[in-house]
Amino acid sequence: MGIVKCCREQVVAVSLDTPAVDVARIMGEKNVGSVVVISSDNRPAGILTDRDLAVRVMAQEKNPGEVRAKEVMTRDVVTFQDSMGIYEAIRKMTDEGIRRMPVVDDAGKLIGIVTMDEIIRMLGEEMAIIAKNIEKQSPPIPV
């Protein structure tokens, strides 16, 4: 199964010049802990988490109205190609030590995001289906 099957297509994204205060407001409105920071051509430039805002803005006593997303985002964002398989994605996330990755098309443009939580949820649903099948085909347990 390709990773695009379990990615969220509705990505919360902001531009490089979005003020940190607006990023925090958007995160609150959308009930997310991170946003993808995109360039003008819709390519992922970084990830900005609620932790980044706390550590890189608030703890540094920077003015969140003046600080821009590009100044406090995590750069060198690792992305998935939309054709990547689920197990390859899990391995890559584990190797990189990350919990969320933007999904891009062949041109490198943002088309979705996948999180470790979504992968775990999807695998759990698949395991439940397998368990039901095993139970259905197994002899009854004597009581």
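Residues: numbered from 1 along the sequence shown.
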Could you work out, with side-chain hydrogen bond (donor to acceptor under 3.5 Å, both in side chains) as the rule, every residue matching T18, not counting sequence neighbours? S15

Closest contact, heavy atoms only, I113 versus E118: O-OE1, 3.6 Å

According to a hydrophobic-cluster definition based on side-chain heavy atoms being under 4.5 Å apart (Ile, Leu, Val, Met, Phe, Trp, Tyr only), do I119 and M84 belong together? yes

Derivation of the side-chain contact (heavy atoms from CB on, under 4.5 Å) call for E126 and L123: CA-CA 5 Å; E126 289 186 359; L123 291 174; 4.3 Å; yes

Within this structure, what is the CE-CD1 distance for the pair M116 and I98, rounded to the nearest 0.5 Å? 8.0 Å

Under the salt bridge (charged side-chain N to carboxylate O under 4.0 Å, His left out) rule, what pairs show up with a residue in residues 35-52, not counting sequence neighbours? D41-R43, D52-R56

Looking only at heavy atoms, which two atoms of M101 and V78 are closest? And how far apart? CG-O, 3.2 Å

Are V21 and V72 connected in the hydrophobic side-chain network, where two residues link if heavy atoms are under 4.5 Å apart? no

For I129, check side chain to side chain contact (heavy atoms under 4.5 Å, CB included) against everything at least two apart and list the hits. none

Provide the closest heavy-atom pair for D117 versus R99 in the form atom of the first, atom of the second, distance. OD2-NH2, 4.2 Å

Across all chains, not counting sequence neighbours, the side chain to side chain contact (heavy atoms under 4.5 Å, CB included) partners of A107 are D105, K109

Smallest heavy-atom separation, M73 atom then A45 atom, equals CE-O, 3.3 Å

Which residues pass the side-chain hydrogen bond (donor to acceptor under 3.5 Å, both in side chains) test with N133, sequence neighbours left out? Q137

Name every donor-acceptor pair, under 3.5 Å, that has one atom in a side chain of residues 23-38 and the other anywhere in the protein, sequence neighbours excluded.
from : atom 1 : to   : atom 2 : distance (Å)
R25  : NH1    : D22  : OD1    : 2.8
S34  : OG     : R100 : NE     : 3.1

Step-by-step side-chain contact (heavy atoms from CB on, under 4.5 Å) determination, E88 to F80: CA-CA 10 Å; E88 184 182 358; F80 285 153; over 6 Å; no

Checking N63 now: which residues fulfil side-chain hydrogen bond (donor to acceptor under 3.5 Å, both in side chains) with it, not counting sequence neighbours? E66

Tell me whether M122 is reachable from I120 by hopping between hydrophobic residues (I, L, V, M, F, W, Y) whose side-chain heavy atoms are closer than 4.5 Å. yes

Please list, chain by chain and in numerical order, all residues satisfying side chain to side chain contact (heavy atoms under 4.5 Å, CB included) with K62, sequence neighbours excluded. V57, Q60, V67

Any non-hydrogen side-chain atom of P102 less than 4.5 Å from a side-chain atom of I47? yes

Residue pair V77 / P44: nearest heavy atoms and the distance that separates them: CG1-O, 3.8 Å

The remaining residues in the hydrophobic cluster of V104, counting side-chain heavy-atom contacts under 4.5 Å among Ile, Leu, Val, Met, Phe, Trp and Tyr, are none

Counterpart residues, side chain to side chain contact (heavy atoms under 4.5 Å, CB included), relative to D106 (two or more places apart): Q81, D82

Share the residues that join I130 in a hydrophobic cluster, the rule being Ile, Leu, Val, Met, Phe, Trp or Tyr side chains under 4.5 Å apart at the heavy-atom level. M127, I134

Contacts of D17 meeting side-chain hydrogen bond (donor to acceptor under 3.5 Å, both in side chains) (sequence neighbours excluded), chain-then-number -> K70

When every non-hydrogen atom of L110 is compared with those of A13, the smallest separation belongs to CD2-CB, 4.3 Å

